[in-house]
Amino acid sequence: EATIVGEGLSSIDSVLFGKTALIIADKSDKALKLKGLVAGLVTAVAKTQEITLVSKSGNTKVNLEVVSQKIETVAK
């Protein structure tokens, strides 16, 4: 799962990784929540992946940073 934050995201019709369509789970004007990253092989390798936001006004390329693990620091 990934969330893209910006302006005017409610106009996005679809999101592509190469030719594979990703699932838009939730969409507002300022945030776009994506699912299907594992199935679309976006997260297969820990590196920066390029995805395409498709709207009627044109396409926008976005870089998505894929990491191999998440480290969380918890204060005691």
Side-chain angles (χ1 to χ4, degrees):
E1 182 172 295
T3 302
I4 298 171
V5 178
E7 296 291 324
L9 294 173
S10 60
S11 67
I12 300 300
D13 297 317
S14 64
V15 180
L16 301 174
F17 175 63
K19 294 182 180 181
T20 305
L22 302 177
I23 299 166
I24 299 174
D26 191 27
K27 177 169 59 169
S28 70
D29 195 47
K30 297 187 183 221
L32 193 66
K33 187 179 282 190
L34 304 176
K35 289 192 175 190
L37 302 177
V38 174
L41 301 178
V42 177
T43 58
V45 179
K47 68 176 191 173
T48 302
Q49 301 282 26
E50 186 177 82
I51 60 174
T52 305
L53 307 179
V54 180
S55 70
K56 289 177 181 59
S57 61
N59 296 348
T60 304
K61 306 271 186 199
V62 175
N63 289 326
L64 183 66
E65 181 95 19
V66 178
V67 295
S68 59
Q69 59 183 316
K70 179 181 176 183
I71 300 173
E72 184 176 341
T73 304
V74 179
K76 291 185 178 182

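Treat the numbers as computed from the prediction; the structure is a model and nothing was measured. Numbering starts at 1 and runs along the sequence shown.
- The two residues Ser55 and Ser11 have their closest heavy-atom pair at CB-O, 3.3 Å.
- When the side chain to side chain donor-acceptor pair (under 3.5 Å) test is applied to Glu7, no partner is found at least two apart in sequence or on another chain.
- Atom NZ of Lys35 sits about 13.0 Å away from atom CD1 of Ile24, to the nearest 0.5 Å.
- Residue Leu32 forms a side-chain contact (heavy atoms from CB on, under 4.5 Å) with just one option from Val62, Ile4, Val5, and that option is Ile4.
- Nearest heavy-atom pair, Glu50 versus Phe17, reported as atom, atom and distance to 0.1 Å: O-CD1, 3.5 Å.
- The closest donor-acceptor contact from the side chain of Lys27 to the backbone of Ile12 lies under 3.5 Å.
- Taking every heavy atom of both residues into account, Leu22 and Gly36 meet most closely at CD2-O, 3.7 Å.
- The distance from the CD atom of Gln49 to the CD atom of Glu65 is 10.0 Å, given to the nearest 0.5 Å.
- Placement of Leu64 and Leu53 within a single hydrophobic cluster is found when ILVMFWY residues are connected by side-chain heavy-atom separations under 4.5 Å, directly or transitively.
- Of the residues listed (Ile23, Asp26, Thr3, Ile51), the one engaging Leu34 in a side-chain contact (heavy atoms from CB on, under 4.5 Å) is Ile51, and it is the only one.
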